[in-house]
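Down below is the structure, laid out as structure tokens.
Source: prediction; values computed, not measured. Note on naming: letters A, B, ... go to the chains in the order of the sequence lines (proteins, then strands), and numbering restarts at 1 for each one.
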2 protein chains.
Amino acid sequence: MDAERPELPPQVALLWGRRGPARRGRTSGLSVEAITQAAIRIADAEGLGAVSMARVAAELHSAPMSLYRHVDSKDELLLLMSDAALEGAPELAGADWRERLTSWAYAVLACFRRHPWYREIPISGPPVGPRNLEWFDRALAALADTGLPEGEKVLVVTGLMPVVHGQARLSIDLAAGYEADPEAFGAGFAHALATVVDPARYPALSRVIASGVFGPGGPGGEDTPPEGYDDFGPEFAFALSCYLDGVAAFIARTTSQR
Amino acid sequence: MDAERPELPPQVALLWGRRGPARRGRTSGLSVEAITQAAIRIADAEGLGAVSMARVAAELHSAPMSLYRHVDSKDELLLLMSDAALEGAPELAGADWRERLTSWAYAVLACFRRHPWYREIPISGPPVGPRNLEWFDRALAALADTGLPEGEKVLVVTGLMPVVHGQARLSIDLAAGYEADPEAFGAGFAHALATVVDPARYPALSRVIASGVFGPGGPGGEDTPPEGYDDFGPEFAFALSCYLDGVAAFIARTTSQR
DNA sequence: GCGTTCAGCGTACGTCATACGCTGTTTCGC
DNA sequence: GCGAAACAGCGTATGACGTACGCTGAACGC
């Protein structure tokens, strides 16, 4: 099987550890995996901004330019990180597809939380690394007993990804913002709104403000960290629940036609 | 009213053009707005990576360091851009809340499309700039005739934001990825999957692949640009529709209890 | 044994954000 | 009206960044 491996694009081959080993030359003291793991350690400890080629090399007691024998560019390193940082996808527990998809979504969020820098890496193509595909597989598996055709399962899962990714990004961004400037949230936010919002220009928002939603006693009014800071709050639960309500209706429509 | 303006946080004041004018010293040839608009022009033409202080200054026939008389840092410039690039929020047409929210979502996506770099700017706090608040106001206004209390309106809108933002980010990322490497999509993707996916490790994904969804003739199988490249495709319509189905159920539950 | 291929890395370059401080202009307070 | 303070513009400089280029020594294939 391995000997008959058809040709893969370079980056796919890289993600799967299938760039052929060197056939001549000195043996290597570095490896793609070691470089990737060092980069992830640095990012986890200090954020993605701290991941420079020089810093990764120092972590490995090498010179920066030696990294380029193993990865073509920093972008390539980021791509490797975007797969390797995803921990193995859990087997999902749950009595039905809805519980399992909910469990999947929260597991994705938790993973993003453990690597908050993950959201800063742009997605450059369809998921193709081993870990990314694992998570994709588990989400599809959650829908196994719905009776949906395979194409529709893909639609449900690819529709869920922006929901989860968007939520992950927003909640982590806001958590970082709160840490940097807590005064911008809660009462400080309410105060700023009250100051700048002109009812003529913002009529609906003015009504919300007048209702006290952003003030003391309102659900967004306390000087608490934003949703996502230390727990998964109601906003994500609401959005996920609404999406899954829609999926449930879609499943009912689709399977009742067969 | 203006004379009695209570104190605002510095960045809020900046976003609202309320840093006090200079009271002494030479008159200024630059302005926050000119700097921001120059930065947006460059980003629109060449992407966010091209926006350096030196480049913005050159666009204005100034020296890079003179920008710092008007903005504290490049981060502050990015914050300004993140509000100024949002065009005025449209008045939403539609017979009911659902049509108006759908219209809102597509208008947000279209705006992101015109400024693809927008997604790369981290969100640092709750929306507080004039344009961001305008869009927030319009989404709230779309729910005016639902009978929902104000707090619940906020929940629906804040639940929708990650859906739209997540979709915008993903679709623009993928469009950029396709432009860089079209072979990674369509048949190339299907081929890579067939090569690397082991049914023992990826059972559900293997079934999807075997069904031909990613192959020729399948909905994802043609060598077409990914969703979002030149039009809004079915994935976003599906996700949005599911979310709104859930919102409809939420509205029915909430308003039937009153 | 020789030529080719390989890993490690020194040197160098252009680019970046921004600290520091000089110069000239404008306003404020006495 | 004058001097001091405040201001804008920007030159100089610094440390940091990613990476091109090429030298050196090690390992392999013929």
Return yes if some donor-acceptor pair links the side-chain N/O of Arg131(A) with the main-chain N/O of Leu86(A) below 3.5 Å, else return no.
yes
Exam field: side chain His115(B) to backbone Ala85(B), donor-acceptor pair closer than 3.5 Å:
yes
Tell me whether the side-chain N/O atoms of [X] come closer than 4.0 Å to OP1 or OP2 in [N].
X: Ser28(A); N: dG8(C); value: yes
X: His70(B); N: dC7(D); value: no
X: Ser66(A); N: dC9(C); value: yes

Neighbour count above 12 (heavy atom, 6.0 Å) for Glu46(A) CD
yes
How about Glu87(B): does its CD atom have over 12 heavy atoms from other parts shown lying under 6.0 Å from it?
yes
When the distance from [atom1] of [X] to [atom2] of [N] is rounded to whole Å, what number comes out?
X: Glu76(B); N: dT18(C); atom1: CD; atom2: P; result: 10 Å
X: Asp75(A); N: dT19(D); atom1: CG; atom2: P; result: 7 Å
X: Ile35(B); N: dA8(D); atom1: CD1; atom2: P; result: 10 Å
X: Arg24(B); N: dG24(C); atom1: CZ; atom2: C1'; result: 16 Å
X: Leu60(A); N: dC9(C); atom1: CG; atom2: P; result: 11 Å
X: Ile42(A); N: dC17(D); atom1: CD1; atom2: P; result: 11 Å
X: Leu67(A); N: dG18(D); atom1: CG; atom2: C1'; result: 11 Å
X: Asp72(B); N: dC7(D); atom1: CG; atom2: P; result: 14 Å

Side chain of [X] only, heavy atoms from C-beta on: which candidate in [options] is closest?
X: Arg26(B); options: dA20(D), dA5(D), dA8(D); value: dA8(D)
X: Lys74(A); options: dG8(C), dT19(D), dT4(C); value: dT19(D)
X: Ala54(A); options: dG29(C), dC10(D), dC17(D); value: dC17(D)
X: Tyr68(B); options: dT19(D), dT18(C), dA7(C); value: dT18(C)
X: Met65(B); options: dC10(D), dA17(C), dA27(D); value: dC10(D)
X: Arg69(A); options: dT26(C), dC9(C), dC10(D); value: dC9(C)

The residue, His61(B) or Gly25(B), whose nearest nucleotide of DNA chain D is more 5′ is Gly25(B)
Do the side chain of Arg23(B) and the base of dT27(C) come within less than 3.5 angstrom through a donor-acceptor pair of N or O atoms?
no
Would you call Asp173(B) and Arg119(B) a salt bridge, using N to O less than 4.0 angstrom?
yes
Asp137(B) bridged to Arg201(A) by N-O distance under 4.0 Å
no
Mutual orientation of the aromatic rings belonging to Phe136(A) and Phe214(B) [parallel < 30°, tilted 30-60°, perpendicular > 60°]:
tilted
Mutual orientation of the aromatic rings belonging to Tyr118(B) and Phe112(B) [parallel < 30°, tilted 30-60°, perpendicular > 60°]
tilted
Ordered by number, residues from residues 43-53 of chain A within less than 4.0 Å of DNA chain D (heavy atoms) are Val51(A), Ser52(A), Met53(A)
